[in-house]
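Below: the structure, in structure tokens.
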2 protein chains.
Amino acid sequence: MKGLTSRQAEVLEFINRFIKNNGYSPSMEDIRIFFGFRSPNAVTCHLRSLINKGYLSKEISKARALRLKFSSSGYGIPVLGKIAAGKPVLIEDFSEGFLFSQEEMKGVFALKVKGDSMKDAHIYDGDYVIVKKNVDINNGDIVAAIVEEEATVKYFRRIKNKVFLIPANPSYKSIEIKENFILGKVTGVFRKL
Amino acid sequence: MKGLTSRQAEVLEFINRFIKNNGYSPSMEDIRIFFGFRSPNAVTCHLRSLINKGYLSKEISKARALRLKFSSSGYGIPVLGKIAAGKPVLIEDFSEGFLFSQEEMKGVFALKVKGDSMKDAHIYDGDYVIVKKNVDINNGDIVAAIVEEEATVKYFRRIKNKVFLIPANPSYKSIEIKENFILGKVTGVFRKL
DNA sequence: TTTACTACTGTATAAAAATACAGTATAATA
DNA sequence: TATTATACTGTATTTTTATACAGTAGTAAA
């Protein structure tokens, strides 16, 4: 894989971001406008370089048919760091990583929380818990489990050979369950506003 | 979400597969040829139905600019519905939609919250707020804004021509800012566990 | 010093792709 | 029974998009 000039890297980066934000490839005209080129040929040349160097492929004469060979893993939500004075024009430039990258989403599902049994852990009715399957679970972790054919969210506690689900609200009782009814570990909480 | 006719489902399925195989959206002509339609309008009508029923979006007059709202290729986190007794083998089968689908992630970034100025709105130190750019903001919405070169999260309130940021914690004061320092509307809160 | 690569301007044209509009036929719904 | 929705045909037109070709200017290696 050959190196890119800084300008070529900028173009590749733009294509990456565009696809991420819009779900489809930019047209050459989109690229031309973004960089302020007065000629469409400026784009043609840059794309040719990126294709020759193996970062990109495209179908001839097809509209918006760019394909990234190496997606810069930028799926997910960029986490914004410090904002430079004035205007945060290109937020992505200040990114400190990503939330919900493809890697993080593997083996993950969400459950909508009903009731207030976990309110002391700041998990409220209507929140979504993000559950990861097949990970180690330790005492004190929050887990999702099946209790009476319903999914529930509780603290996990193993005492000797028994597994208990403990709510984060003293007005609910702890219950004992079989370990194989545990769906996974709660790795996050999300609330729509 | 409305149901699809079998023909509409076929078209959606084709678009899905095409994007998966090619990395870019099919053109209406690609769809026409695949199904053997003699008129481009057949495609137009099918796409309109899919868009009306919420399965698809597209940009007018743009080539290959279809965007799937629910990519079956597993973008986003599936929200699990009722769980049948025993094991939820194929979670996607019980899916009630997706969290963080590509559509939802468009124009979105995250900010890590510092301090407890929004704790009465259940937003705590260390949480991430999900911020959407370029959306309408109304009184009472939670917004992210730049105050003294730092990003902050506060309630939004417009009184006449002035814009105020109001914390959800009585021990902090409200401040007035210029409207163009508002980054976007907070559409969600996420907490890593 | 010639050659090659980068990074473009500028104009013109071709092709691909989307849309507009006028219809037809059938089945389902009110 | 009238209305609406589905599922198309057919033609024409517009818009978008890609490409072609002729140049300019700067840098860097051979």
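Residue numbers start from 1 in every chain, and the chains themselves are labelled A, B, ... in the order their sequence lines are given, proteins ahead of strands.
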Describe the nucleic acid contact of A:S27 in one word from base, sugar-phosphate, nothing, applying a heavy-atom distance below 4.0 Å.
sugar-phosphate
Roughly what angle, to 10°, lies between the helix axis at the start of the helix from C:dT1-D:dA30 to C:dA30-D:dT1 and the one at its end, five pairs per end?
30°
With sugar-phosphate meaning primed atoms plus P, OP1 and OP2, does A:S61 contact a base, only sugar-phosphate, or nothing at under 4.0 Å between heavy atoms?
sugar-phosphate
Would you find more than 12 non-hydrogen atoms of other residues, nucleotides or ligands less than 6.0 Å from A:K58 atom NZ?
yes
Hey, are A:K192 and A:D127 close enough for a salt bridge, meaning a charged N less than 4.0 Å from a carboxylate O?
no
Is it the case that the ring center of A:F34 lies less than 6.0 angstrom away from the ring center of A:F14?
yes
Give the rounded distance in Å between these two atoms: CD of A:E59 and C1' of D:dT19.
16 Å
With a cut-off of less than 4.0 Å, is there a side-chain N or O of B:Q8 near OP1 or OP2 of D:dA7?
yes
Extract, from 5' to 3' on DNA chain C, the first and final nucleotides lying under 4.0 angstrom from some heavy atom of chain A.
C:dT6 to C:dA17
Check DNA chain C against residues 35-43 of chain B and give the residues with a non-hydrogen atom under 4.0 Å, in numerical order.
B:P40, B:N41
If you compare every side-chain N and O of A:K62 against the phosphate oxygens of D:dT19 (OP1, OP2), does one of them come in below 4.0 Å?
no
What pair of heavy atoms forms the shortest contact from B:I130 to B:V189, and how long is it?
CG1-N, 4.5 Å
Quick one: NE2 on B:H46 to OG1 on B:T44, what's the gap to the nearest 0.5 Å?
10.5 Å
So which atom in B:K53 and which in B:Q8 form the shortest heavy-atom distance, rounded to 0.1 Å?
NZ-OE1, 3.0 Å
Can you name the nearest heavy-atom pair linking B:A144 to B:L111, along with the distance?
CB-CD1, 3.7 Å
